[in-house]
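Here the structure is a predicted model, which means the values were calculated and not measured.
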Amino acid sequence: MARILIWEPNPEVRTLLGHVVKRLGHEPVEGDEEPGGVLPGDIDVLVVDPAHPRALSAAQVLRLRDGGLPIVCASVYPATPDADALRPEAYLVKPFPLSELEDALTGALARQSLAV
């Protein structure tokens, strides 16, 4: 079972994304702490809304700590240079079918396990 950090500012969307993670058999972790509180190895994938400044900062910190951490971006806005700099596995534009998130997470975890 993978631990998937969800850094989404909207509580309802965060809950929905958490349900998708659980349905895949993984553990959702909510990103409500400071970015420095998450250590490399604590999580297997990050789902983040890079349009939210605090979420983007958290993702940037985590990317610096672990260059191989799979990141999936999910936002109502198209990708920006800051989001592209995260080197996300996938960039989903809301609203998106939940199956796209499932595919992105499954792919990210599969590529991560191959890299290990």
Side-chain angles (χ1 to χ4, degrees):
M1 171 171 43
R3 296 186 77 223
I4 299 176
L5 178 62
I6 301 170
W7 212 295
E8 161 63 47
N10 183 301
E12 290 85 11
V13 175
R14 191 169 51 242
T15 298
L16 177 61
L17 298 178
H19 287 304
V20 172
V21 169
K22 285 180 187 175
R23 189 168 65 207
L24 290 173
H26 305 298
E27 177 188 355
V29 179
E30 291 191 9
D32 57 358
E33 57 187 66
E34 290 302 314
V38 179
L39 300 173
D42 286 350
I43 58 168
D44 300 293
V45 177
L46 170 64
V47 177
V48 64
D49 183 345
H52 188 268
R54 188 166 175 218
L56 177 61
S57 293
Q60 290 167 333
V61 167
L62 290 169
R63 172 56 74 217
L64 287 172
R65 288 183 175 174
D66 182 354
L69 176 69
I71 296 176
V72 174
C73 293
S75 180
V76 295
Y77 299 107
T80 63
D82 285 336
D84 288 340
L86 296 173
R87 301 182 323 274
E89 297 280 328
Y91 195 100
L92 308 175
V93 178
K94 299 173 188 171
F96 52 83
L98 295 180
S99 61
E100 286 185 20
L101 177 61
E102 291 173 349
D103 291 346
L105 292 173
T106 301
L109 288 166
R111 282 185 289 284
Q112 182 189 40
S113 68
L114 290 174
V116 173

*If you look only at pairs with a residue in residues 16-27, which of them pass as a side chain to side chain donor-acceptor pair (under 3.5 Å), with sequence neighbours excluded?*
Arg3-Glu27, Arg23-Glu102
*Sequence neighbours left out, what pairs pass side chain to side chain donor-acceptor pair (under 3.5 Å) with at least one residue falling in residues 69-88?*
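Qualifying pairs: Asp49-Ser75.
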*Show your reasoning for whether side chain to side chain contact (heavy atoms under 4.5 Å, CB included) applies to Asp44 and Leu109.*
CA-CA 7 Å; Asp44 300 293; Leu109 288 166; 4.0 Å; yes
*Residue pairs fulfilling salt bridge (charged side-chain N to carboxylate O under 4.0 Å, His left out) with at least one residue in residues 55-64, sequence neighbours excluded*: none
Nearest 0.5 Å please: distance from the [atom1] atom of [X] over to the [atom2] atom of [Y].
X	Y	atom1	atom2	answer
Leu105	Ile4	CG	CD1	4.5 Å
Cys73	Leu92	SG	CG	8.5 Å
Leu17	Leu101	CG	CG	6.0 Å

_For Trp7 and Val47: C-alpha separation, side-chain torsions, deciding distance, then whether side chain to side chain contact (heavy atoms under 4.5 Å, CB included) applies._
CA-CA 6 Å; Trp7 212 295; Val47 177; over 6 Å; no
Compare every heavy atom of [Y] with every heavy atom of [X], then report the nearest pair and how far apart it is.
X	Y	result
Ile6	Pro28	CD1-CB, 3.9 Å
Gly25	Met1	O-CG, 3.4 Å
Leu98	Leu16	CD1-CD1, 3.9 Å

*asked:* So, using side-chain contact (heavy atoms from CB on, under 4.5 Å) as the criterion, who are the partners of Pro81 when residues are at least two apart?
replied: none
*Under the side-chain contact (heavy atoms from CB on, under 4.5 Å) test, which residues partner Asn10, sequence neighbours left out?*
Glu8, Glu12, Val13
_Checking Lys94 against Val76 for the side chain to side chain contact (heavy atoms under 4.5 Å, CB included) test, could you report, in this order, the C-alpha distance in whole Å, the side-chain angles of both residues, the deciding distance, and whether it holds?_
CA-CA 5 Å; Lys94 299 173 188 171; Val76 295; 3.8 Å; yes
*Full working for side chain to side chain contact (heavy atoms under 4.5 Å, CB included) between Val48 and Val72*: CA-CA 6 Å; Val48 64; Val72 174; over 6 Å; no
_Given Ile71, Asp42, Ile43, the one that forms side-chain contact (heavy atoms from CB on, under 4.5 Å) with Leu62_ =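 Filter result, single survivor: Ile43.
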*asked:* Starting from Tyr91 and following side-chain heavy-atom contacts under 4.5 Å between hydrophobic residues (I, L, V, M, F, W, Y), which residues can be reached?
replied: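 Besides Tyr91, the cluster holds Val93.
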